[in-house]
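In what follows, chains carry the letters A, B, and so on, assigned in the order in which the sequence lines appear, proteins first and then strands, with residues in each chain numbered from 1.
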Amino acid sequence: MRWSRAFIPTIKEAPADATNASHVMLTRAGYVRRIGAGIYEYLPLGLRVLHKVERIVREEMDRAGAQEVLMPALLPSDYFRETGRWDVFGDNLLRLRDRKGGDYHLGPTHEEIITDMVRREIRSYRDLPRNLYQIQNKFRDEPRPRGGLLRCREFVMKDAYSFDVDEAGAAASYELMRQAYTRVFDRMKLHYRMVQADSGSMGGSTSAEFQVLVQSGEDFLTACDSCGYAANLEVAQCREPAASEPSTPTPACSKVSTPNAGTIEEVSTFLKASPDRFLKSLLYAAGDDVVLAVVRGDHEINEIKLARALGVGEVALATEEQIVKATGAKVGFAGPVGFKGRVLIDRDAAVVHAAITGANETDFHLVNVEFKRDFDAQVADLRSVVAGDACPRCAKGKLAVYRGIEAGHIFILGTHYSAKMRANFSDEKGVEKPIIMGCYGIGVSRLVATTVEQFNDADGILWPMSIAPYHVIVVGLGQDAAVTEACEKLVAGLEERGVEVLFDDRPERPGVKFKDADLIGIPLRVTVGAKGLAAGGVELKPRTERDPKKAEILPLESAAQLIAERVRAMMA
RNA sequence: CGGGGCGUAGCGCAGCCUGGUUAGCGCACUUGACUGGGGGUCAAGGGGUCGGUGGUUCAAAUCCACUCGCCCCGACCA
C-alpha cells in the first residue's frame, strides 16, 4: 500500500476527551474515530488490526474443534423473556420497537439464541458434544461508556458456546477453551494472567477471567509470588490468620469520648492507636434486614464475599436513616457490642485483641473490646485481599496486587439456560436430560485497545507483529530517482514474499515520516535514502529500537529476503 | 441515577464574569519561495448557523429559561 493513496489521517493533537493511552494513540494514528458516546468507526488501519485479532481467534477456535455461526444482532424479545433476562438485563439492554409495536432488542450476548438453535436440532447424546461460536457486533446500553474502545455500547465480541452430555464432558470442553485462549493471548504477545473470577449471578460453577496486565486496567487482581494462585480481587482469598490469645489479659471494656471523630482516621489520631486495632463496623442492607459487618480498621470490606456469607444475591451499604435507626447513633459510631441484629466479623478482625469500636452512641467509642467476651458474631471471610497477604494455596507465598483489563472470560453454565429453555437430549437409556452448557467470551475490539495500552511509548504504538496492520513500513526519503527505484524494488520484493508493506512515498520531510511511522507503530521500519544507499544499502530498524543510529544496513539485493525472514521470526 | 464540567473553524483553545458595530490564536489546509535524515522558515490566503430553541435588550458567543450532545468522579458493569 502506498501511503500517498491511503486513508491514514494522523493528527498531532488528540481530542481533549481522550483520556487513556489507547484512545489517544488510536485516534492520533488514524485507526479509529469516535462518533458518539461509546460508538467508534474503524478506519482502514484499525480494521486491519481488528481483522487480524479476529483471524487469530478464529484459527484457535477452529483448532479446538469449534464451528462458527452467525446470529442476528436484531432479536425479538421472546427469547430473553423465556429466560427472564428481558427484565434482568434492565436498562443495559438496547431495546427498540418495530412499526407493529413488537418488542425487539440488539443482542448483548447470545446464550438464548444459540440455545434455541441447538434445541431445535439436537435430540440425542449422539449429537453431542458440540461447540459453536460467533464473532460479531454486540450492543449494551452502558450506563457510562468510558476508556475509548475499552467500554463501548457497540463492540465486537467472540462468544463460543459448548454443549455436553454431562459435567465431565463440560469440564473437557472448558479445558479445551482454556488452552485455546492461552494460545490466542500468547500469539498476541500479551502479558496476562488467567484468574479465578466471580461467576456472576448467572449460576456458573467454574469460571476464569483472562486479564491483561496494564496500569490503566479497571479490575484489580492478585497473584501469588510462589505458586500459581491468581484471582480477581472480587473473589481473591488469603490465608486464615492463626488464632491468638492476648499476651496480657485485656482489661474490661470501657467507653471513651471521641467527639466528632467518626472515621477510623480521626479516631486513630485522636486515641493514638493504629488502624489495625480498630474494628470497622459497616451496616448493610441485605434484603429487608440491616446487618452489621465488621472488618479490621486497615482492611476493606468485599461486598461479594459479604453477600455470599449472608446467602443473598447482593448487598448495599445502608442509608443514613437506616444506620441511625439501627444503631441509635450518628454515622461513624456503629459497633458490634450491644448491636441488636445480625453481626458478621471478618476472620482477621476476630483475632484483634483489646480492640476499639464504635459505641453505638454519638461521639463515643469503646476500647478493650474482645470478640466472644464482649460480643458474638458469625466469623467469615469478608475482606478484600491486600498486597502482602499470605497465599491461601501454598505455604510460603505472598500475594501481590495488579491491575488488569478483562479480555476474556470462560465459564461452565451448567443447565441454567438449557433447563429454562428445554434444550434436552436423550441419553443412552432414552432418558431426557438438559444439555450441559459452557460459554466463552473474548472482547475482540477491546483487545485491540488493550494491546495498545500494553504496548505504547511517548511516540506512539508498538504493535506485536501478529496483529500489526502492516508488517513493514518502507520510508523513502527525498525525490532522488535512485531512491525511488530502490524503494520500488524493495517493496515489490517484500510483497512477492508475502510481507504486508506500507510504503511511505509521500513528498514529506523526513521528520514528518519518521514521526508518523513511530505513531502508527509498524513493527519494522526500512529507511531508504541517498545516505544509506551510499553507505551500502537500506536501513532496517525495529519500532522497539529508540536509537536510529542502531539501524542495520542491509544490501539492497538481499534486503527483501532478510526482512521477510525477520517478519516470520517475529510472528512466531 | 448522584456530583462536577464542557459545547466557539478539521483538532487544541481564548473571548463570556462586566452585552456594542470586521469573533481571535496555535496546529492542520491552499499558493509561492527558500529548505531537505526526527513534526522546518518566511510570505500571502481560504475556512465559523459561536450545539439547538425560545426569551430579555436598540444590540446577545456574552444575560435568562428550556433542550440536545459530550466528558470526568461515583453508583453500575458479561
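Comparing B:G69 with B:U30, their P atoms sit 36 Å apart, to the nearest whole Å.
Look at CG on A:N92: it is 13 Å from C1' on B:C1, rounded to the nearest Å. Summarising the geometry, the separation between CZ on A:R33 and P on B:G10 is reported as 14 Å, rounded to the nearest angstrom. Here the C1' atom of nucleotide B:A28 and the NZ atom of A:K515 are 17 Å apart, to the nearest Å. Nucleotide B:A78 holds its C1' atom 20 Å from the OH atom of A:Y133, rounded to whole Å. In this structure, A:E320 atom CD and B:G2 atom C1' are separated by 15 Å, rounded to whole Å. Distance CD (A:E508) to P (B:G37): 14 Å, rounded to an integer number of Å. Summarising the geometry, the separation between CD on A:E13 and C1' on B:A9 is reported as 14 Å, rounded to the nearest angstrom. Atoms CZ (A:F155) and C1' (B:C77) sit 11 Å apart, rounded to a whole Å.
Side-chain atoms of A:K12 lie closest to B:C27 of the nucleotides B:C77, B:C27, B:G37. Proximity note for A:T19 (side chain, C-beta onward) versus B:G37, B:G38, B:C72: the nearest is B:C72. The nucleotide whose nearest atom lies closest to any side-chain atom of A:D518 is, among B:C70, B:G38, B:G37, B:G38. Side chain of A:A16, nearest nucleotide from B:A78, B:C70, B:C13: B:C13.
A side-chain donor-acceptor contact under 3.5 Å links A:Y284 and A:E303. For the residue pair A:T450 / A:R446, no side-chain donor-acceptor distance below 3.5 Å is found, with atom types taken as modelled.
If you check B:G26 for Watson-Crick or wobble pairing at under 3.5 angstrom, you find it paired to B:C11. Base pairing of B:A78 is not made with any nucleotide, judged by Watson-Crick or G-U wobble geometry with both donor-acceptor distances under 3.5 Å. With a cut-off of 3.5 Å on both Watson-Crick or G-U wobble distances, the partner of B:C42 is given as B:G32. If you check B:C17 for Watson-Crick or wobble pairing at under 3.5 angstrom, you find it has no partner at all. Nucleotide B:C70 is matched to B:G5 when pairs are restricted to Watson-Crick or G-U wobble geometry with both distances under 3.5 angstrom. Across all strands shown, B:U49 forms no Watson-Crick or G-U wobble pair with both key distances under 3.5 Å.
Residue contacts shown for A:D159 are absent, as no nucleic acid heavy atom lies under 4.0 Å away. Counting non-hydrogen atoms under 4.0 angstrom, A:G532 reaches a base of the nucleic acid. Contacts of A:G529 with the nucleic acid, taken as non-hydrogen atoms under 4.0 Å apart, include base atoms. Nucleic acid contact class of A:E539 (heavy atoms, under 4.0 Å, all strands): base. If you check every strand for non-hydrogen atoms under 4.0 Å, A:P548 touches a base. Residue contacts for A:A530: at a heavy-atom cut-off of 4.0 Å it reaches a base atom on one of the strands shown. Backbone-only engagement by A:P15 is indicated by non-hydrogen atom pairs under 4.0 Å involving sugar-phosphate atoms exclusively. Nucleic acid contact for A:R446: base, since at least one base atom lies under 4.0 Å from a heavy atom of the residue. Among the heavy atoms of the strands, none lies under 4.0 Å from A:I11.
The side chain of A:R34 places an N or O atom within less than 4.0 Å of a non-bridging phosphate oxygen (OP1 or OP2) of B:C71. Phosphate proximity of B:G36 to A:R509: absent, as no side-chain N or O sits under 4.0 Å from OP1 or OP2. Under 4.0 angstrom from either OP1 or OP2 of B:G37 there lies no side-chain N or O belonging to A:T527.
Between the base of B:C77 and the side chain of A:R151 there is a donor-acceptor pair shorter than 3.5 Å. Between the side chain of A:R28 and the base of B:G10 there is no donor-acceptor pair of N/O atoms closer than 3.5 Å.
Atom CD of A:E453 is separated from atom CG of A:L190 by 12.0 Å, given to the nearest 0.5 angstrom.
Taking the six-membered ring for Trp and thresholds of 30 and 60 degrees, A:F185 and A:F210 have nearly parallel ring planes, at less than 30 degrees apart.
Taking the side-chain hydrogen bond (donor to acceptor under 3.5 Å, both in side chains) definition, one finds that A:E488 meets it with A:R2, sequence neighbours left out.
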